[in-house]
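First listed ligand is number 1; within each ligand, the first listed atom is number 1.
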Amino acid sequence: MAILITGGAGYIGSHTVLYFLNQGEEVIVLDNLEKGHQQAILGATFYKGSLHDEALLTELFEKHKIDAVIHFAASSLVGESVEKPLEYYENNVIGTHKLVKQMVKHDVKHIVFSSTAATYGEPKSIPIKETDPTSPTSPYGETKLAIEKLFHWCDGAYGLKSVCLRYFNAAGADPEGRIGEDHTPESHLIPIVLQVALGQREHVQIFGGDYDTKDGSCVRDYIHVMDLAEAHYLALQKLRRDDKTAIYNLGNGKGFTVKEVIETCRSVTGHPIPAVVSARRPGDPATLIASAEQANKELGWKPKYPQLEAIVRHAWNWHEAKPKGYETN
Ligand code: UDP
């Protein structure tokens with residue numbers, strides 16, 4: 001039996017593929033390589049294509065005995081989603097609809113879904129629990145929430161069981177340095193700060209210095225990408241064991257300000273990393289911290305790399321060794 005991982009050439013997807021291969025699972029990857037990198041897939045069977053290609057999906061489900069799907073393939077930038085809501089609904093919601101149609105047709109009952117803290121919007125209380133209200137502030141968050149709801153209704157109608165994993169801020173890289181983060185253009189904080197350390201940017205902008213936080217910059221809960229990868233495996237094990245739909249937050253339960261992240265990057269890299277406070281980025285809540293108690297309790301998930309220092313060190317090892325990412329250096 002094989003596991004289909006959609007979006008397996010992306011950042012979190014590729015680390016999850018690696019984790020599943022290490023567990024001895026047979027993995028099939030489907031990725032359109034718009035954002036992903038084929039070099040990031042270390043050993044799985046690879047199909048280049050999109051969720052919208054129904055003929056390809058049919059071929060894939062008919063050819064392989066797929067017993068579960070881990071679903072990453074999506075557009076995933078908050079700011080871009082505000083500019084291009086139609087594209088986000090098409091790629092995320094309609095794409096997932098096509099995938100689920102094939103799953104139902106081929107009697108595949110289990111899916112682990114890459115969801116997000118953006119489903120909550122501006123939180124009412126910290127730390128955020130799965131039972132807190134969901135009120136997304138972007139099309140990105142809305143599409144992820146719509147997909148969670150699609151799964152809920154498909155459970156009642158077709159017995160499709162899902163685990164939706166709401167990630168907080170994914171960061172870090174494979175501790176052995178084989179794969180890492182490579183977005184073009186880069187928009188995430190830690191890789192941007194490390195690009196300053198590499199001399200690829202002059203300074204990092206701190207988006208907002210007047211938030212109601214301890215130093216005025218935004219607080220986020222950074223979680224190691226390999227810990228996220230493991231959570232997908234544990235979620236699949238739980239689906240196989242209990243056959244029950246569930247939603248879990250994934251974070252360390254600890255927040256760091258943007259300024260603290262930059263300071264940690266300075267100490268890990270030994271570079272001065274100039275920073276400039278600039279305007280707030282629209283749509284950024286002041287503080288996002290997860291309560292991951294449910295995942296701890298029900299999945300038995302405990303992050304192996306909870307320290308920000310280790311997260312940054314693994315990211316730095318990758319960026320220093322591969323300053324141009326997957327592009328041949
Ligand atoms: N951020 C920043 N400068 C940057 C990029 C990000 O100050 O160049 C801040 C951003 O406002 C947020 C935090 O860093 O508070 C994490 O942002 P990122 O884009 O990495 O992840 P997000 O929180 O949007 O998922």
Side-chain angles (χ1 to χ4, degrees), residues 10-12 35 72 74-83 88 92 114-123 126-128 134 136-145 165-173 180-198 200-225 228 249-266 273-290 308 311-312 314-316 318-319:
Y11 170 46
I12 307 174
K35 297 273 165 64
F72 293 97
S75 300
S76 62
L77 296 176
V78 171
E80 185 184 65
S81 77
V82 178
E83 308 289 320
Y88 271 67
N92 297 0
S114 164
S115 192
T116 168
T119 52
Y120 294 108
E122 188 71 49
I126 297 289
I128 302 171
T134 45
T137 49
S138 69
Y140 169 63
E142 285 287 6
T143 58
K144 291 284 180 172
L145 188 58
L165 299 175
R166 293 179 176 163
Y167 321 144
F168 283 62
N169 286 63
E181 189 165 10
D182 179 3
H183 298 114
T184 310
E186 189 49 76
S187 69
H188 296 104
L189 179 65
I190 293 176
I192 283 179
V193 177
L194 296 178
Q195 286 175 351
V196 180
L198 285 170
Q200 295 174 347
R201 292 174 189 253
E202 271 180 21
H203 61 263
V204 54
Q205 289 187 324
I206 298 168
F207 295 149
D210 58 352
Y211 285 99
D212 185 15
T213 59
K214 66 177 170 186
D215 62 21
S217 63
C218 285
V219 173
R220 293 290 181 273
D221 183 340
Y222 295 87
I223 178 77
H224 198 291
V225 65
L228 289 183
N249 286 340
L250 297 179
N252 276 308
K254 200 166 178 312
F256 293 91
T257 67
V258 172
K259 289 180 185 173
E260 286 172 332
V261 169
I262 297 170
E263 206 41 60
T264 304
C265 292
R266 287 181 181 129
I273 309 182
V276 187
V277 176
S278 66
R280 290 182 177 200
R281 186 172 68 175
D284 265 343
T287 301
L288 292 175
I289 300 173
L308 184 60
I311 294 174
V312 169
H314 293 157
W316 177 236
W318 160 256
H319 287 282

Between the side chains of His188 and Glu186, is a donor N or O closer than 3.5 angstrom to an acceptor N or O?
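Glu186 and His188 do have a side-chain donor-acceptor pair below 3.5 Å.
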
Compute whether any side-chain donor of one residue and acceptor of the other, for Glu80 and Tyr88, lie under 3.5 angstrom apart.
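Note: Glu80 and Tyr88 side chains meet the donor-acceptor criterion.
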
Check whether NZ of the Lys or CZ of the Arg Arg220 lies under 6.0 Å from the centre of the six-membered ring of Phe256 and within 45 degrees of that ring's axis.
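Geometry flag: not set, cation outside 6.0 Å or 45°.
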
Considering only heavy atoms from C-beta outward, does the side chain of Val196 approach that of Glu202 to under 4.5 Å?
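They are not in side-chain contact.
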
Using ring-ring contact (aromatic ring centres under 6.0 Å, His included) as the criterion, list what pairs up with Tyr167, not counting sequence neighbours.
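Once residues adjacent in sequence are excluded, the partners of Tyr167 under the ring-ring contact (aromatic ring centres under 6.0 Å, His included) criterion are His232.
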
Ion pair present between Lys35 and Asp182, side-chain N to carboxylate O less than 4.0 angstrom?
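Judged by the 4.0 Å cut-off on N to carboxylate O distance, Lys35 and Asp182 do not form a salt bridge.
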
Can you work out which protein residues put a heavy atom within less than 4.0 Å of ligand 1?
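The answer is Asn169, Ser187, His188, Leu189, Ile192, Gln205, Ile206, Phe207, Cys218, Arg220, Tyr222, Val258, Arg281, Asp284, counting any residue whose heavy atom sits under 4.0 Å from ligand 1.
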
